[in-house]
Amino acid sequence: MSHTLKLYNTLTREKAVFQPLDPNNVRMYVCGPTVYDYAHIGNARPVIVFDVLFRLLRHVYGDAHVTYARNITDVDDKINARALRDFGSKIADGSMSLNEAIRAVTGKTESQFQADVKALGCLEPTHQPRATDNIPQMIEIIQRLLTQGHAYVASGPEGHEVLFATASMADYGQLSKRRLEDQQAGARVAVEAHKMNPGDFVLWKQSADTEPGWAASFVFEGKSFAIYGRPGWHIECSAMSNRYLWEEIKDRLSPQGKARPHQFDIHGGGLDLIFPHHENEIAQSCCAYDTDVMATVWMHNGFVQVEGRKMSKSEGNFVTINELLETEKFGGRKWPGEVLRLAMLMTHYREPIDFSVKRLEEAERLLAKWPVAEASGAEPDESVLEALSDDLNTVAAIQALHALAQASHSDPDAKARFAASADLLGLLPKPVEVDEAIAAGIDALVEMRLELLKAKNFAEADRIRNELAEKGIQLKDGKDPVTGQRVTTWELKR
RNA sequence: GGCCUCGUGGCGGAGUGGUGACGCAGAGGACUGCAAAUCCUUGCACCCGAGUUCGAUUCUCGGCGAGGCCUCCA
């Protein structure tokens, strides 16, 4: 590989050279959506950012040597609430079971998510595991934690719970740099009597009849506990990252990779997940498997604001990906996926980003200046690779890309490198599909106009140009560099 | 209260201890019958104060401002 990839690591708060545990099996896990409602523009950021990283890793290490897992959280109390809200009457009259209602919510939301993300130009991760398909794996980790004295069974207000014992982990808080004592000083953690420590969190929780649940039995202090219940918020990521990035891949790993069991390279997500979500994942995984680290590098993207304010439902500025793509809610018009993607990458991933109409307009203007080209086997340009290799500096990469786009007006070689580079970023402008017959018709009109111009019949020539413009077809006159003849091309206005 | 970001020109936005990226928009020009596209040129900046330094936008401290986490949240 020609470039040294540097990544900022939240764990060390430093930028460092990325060294995969096994360069033939680079492994990345990113926290995906909870499928209870449309994904919003904030959800889109990590998806796009880590898609760029996925593409870069594939370029550097080879497509077959990168495994990317992004989970689908389909068990969550918000999902239950949504199922009851949308299908409560059907559940009440017996025409639908709770589980069916839940599946209706998660299935629909998940396919919407997949469609949205595809429109944003994101590749499919290698694995997109669902939490509900990994319940046995979660139960297994929880039992490990119980056996090793890192968890306990307690009786809470809603029945039995298995809780993680934060005090049992010497360096709990390493990612967020929080100390348990400080948390207690804040007194904002609800004191719950059944917890040994206020920071202890749920691994497994007993379910009522109106809640989804799975049969599980745990052994704690020599006694057996059968708890029909559901997993806590964090455990799925520990279970699924271990399954897809260690268990199912370990036989293929190099000796160096095998020497670091249960570990993987990169774990990503939004800034707000650092605490408690990622901190608790680390606690679960490291304690269950007796490792120092869960993932080598932890990466977190910054927040998205909308028109300068925090996005929230109460502010009324909550925008979903789908609304941007399909409705006129934001700025009075629809926005193509490429524009949203470029707008997102115009800011470095760790910086806060202010999503605004103005920003989208600028992204669209930029995109309109880029040539339509095929990625035809050329290598991405050094300037773009170099920028991305510096902690995913997409801003510099886009500017390098823009320079290539400008160079491509006169340099076919630059155009090929532009195409390969744009493809690497997932930003290759797609040729607009035009019906052949229509295209031939336009070509004929263009010819006719050129004849009229030769005859200096400008009024008639301009009439053709205006008519085409009204249909969204923009004519562009140029000069053949050799003959000096007028050459006219056309394109659909984007 | 604890922890953590950030503050650059009209806008977006990197970066750097020493004549001030870059893009968009603006202005001027070339080309054109006129436009568009393309090309060339160009103005405008580093929150405030103190300190370190020969020199700070860049380092340190303080202040002000914006935001995040600690509670479901990307």
Side-chain angles (χ1 to χ4, degrees), chain A residues 10 13 30-34 36-37 39-50 73 76-78 81 173 175-190 198-199 233 268-279 300-305 308-313 318 343 345-354 356 358-366 368-369 387 390-391 393-403 405-406 408-410 453 456-459 461-462 465-466 468-469 473-479 481 484 486-491 493:
Chain A
T10 308
R13 314 272 156 147
V30 173
C31 290
T34 300
Y36 72 103
D37 204 349
H40 55 71
I41 192 63
N43 299 112
R45 192 169 192 193
V47 173
I48 293 171
V49 163
F50 290 105
T73 299
D76 183 282
D77 285 355
K78 286 195 290 290
L175 180 68
S176 59
K177 309 269 186 271
R178 284 165 208 262
R179 299 182 309 153
L180 287 169
E181 306 87 85
D182 295 339
Q183 299 305 300
Q184 288 164 41
R188 293 195 64 174
V189 180
W233 179 33
L271 206 61
D272 56 322
L273 292 182
I274 294 174
F275 191 90
H277 186 54
H278 287 166
E279 196 69 79
H300 295 94
N301 62 270
F303 247 66
V304 175
Q305 287 184 286
R309 292 180 307 167
K310 176 176 174 160
M311 177 170 67
S312 70
K313 287 184 175 164
F318 199 87
L345 295 176
M346 282 187 338
T347 294
H348 185 93
Y349 76 92
R350 284 193 278 123
E351 295 291 317
I353 189 170
D354 183 13
S356 61
K358 192 164 183 173
R359 170 184 208 92
L360 292 178
E361 285 169 348
E362 187 173 331
E364 185 166 62
R365 255 196 304 269
L366 206 57
K369 293 185 179 186
D390 180 17
D391 192 31
N393 191 338
T394 52
V395 180
I398 285 165
Q399 298 196 341
L401 198 59
H402 188 61
Q406 283 181 314
S408 356
H409 290 304
S410 55
L453 285 174
K456 301 225 186 288
N457 186 347
F458 297 123
D462 287 355
R465 183 172 69 192
N466 292 340
L468 287 172
I473 293 149
Q474 179 69 56
L475 295 189
K476 295 197 281 194
D477 288 342
K479 242 188 203 175
R486 184 195 291 255
V487 178
T488 300
T489 56
W490 58 271
E491 68 176 19
K493 283 190 230 169

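Below, chains carry the letters A, B, ... as their sequence lines are ordered, and counting in each starts from 1. In what follows, every heavy atom counts, from backbone to side chain, and hydrogens, waters and symmetry copies are set aside.
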Q) Any ion pair linking A:R350 and A:D391 (charged N to carboxylate O, less than 4.0 Å)? A) yes
Q | Dot-bracket line, read 5' to 3' along RNA chain B, where crossing pairs take [ ] and | marks a partner on another strand, Watson-Crick or G-U under 3.5 Å | A | (((((((..(((.....[...))).(((((.......)))))....(((((..]....))))))))))))....
Q: Quote, to the nearest angstrom, the P distance that separates B:U8 from B:C48.
A: 11 Å
Q | Set of residues satisfying side-chain hydrogen bond (donor to acceptor under 3.5 Å, both in side chains) with respect to A:N43, sequence neighbours excluded | A | A:H40
(Q) Could you tell me how far apart A:F303 (CZ) and B:C72 (P) are, to the nearest whole angstrom? (A) 14 Å
(Q) Say we look at B:C61 and B:G67: how far apart would their C1' atoms be, to the nearest angstrom? (A) 23 Å
Q) If you take atom types as modelled and just measure distance, does the side chain of A:R465 reach the base of B:C34 with a donor-acceptor pair under 3.5 Å? A) yes
Produce the list of close N/O pairs, under 3.5 Å, pairing protein atoms with atoms of nucleotides 28-30 of chain B; give distances to one decimal.
none

Q: Provide, to the nearest angstrom, the distance between the NZ atom belonging to A:K358 and the P atom belonging to B:G23.
A: 18 Å
Q | 5' priority, RNA chain B, between A:G302 and A:P276 [closest heavy atom] | A | A:P276
Q. For the pair made of CG in A:D477 and P in B:U38, what is the distance, rounded to whole Å?
A. 13 Å
Q | Counterpart residues, salt bridge (Lys or Arg N to Asp or Glu O under 4.0 Å), relative to A:R359 (two or more places apart) | A | none
Q | Euclidean distance, atom CD of residue A:Q406 to atom P of B:U41 [Å, nearest integer] | A | 11 Å
(Q) Just to verify, what does A:H277 make a ring pair (Phe, Tyr, Trp, His ring centres under 6.0 Å) with, not counting sequence neighbours? (A) A:W233, A:H234
Q: Answer with yes or no whether A:D462 presents, from its side chain, a donor or acceptor under 3.5 Å of a partner atom in the base of B:G33.
A: yes
Grab the N/O contacts between the protein and nucleotides 4-7 of chain B below 3.5 Å, and write none if there aren't any.
none

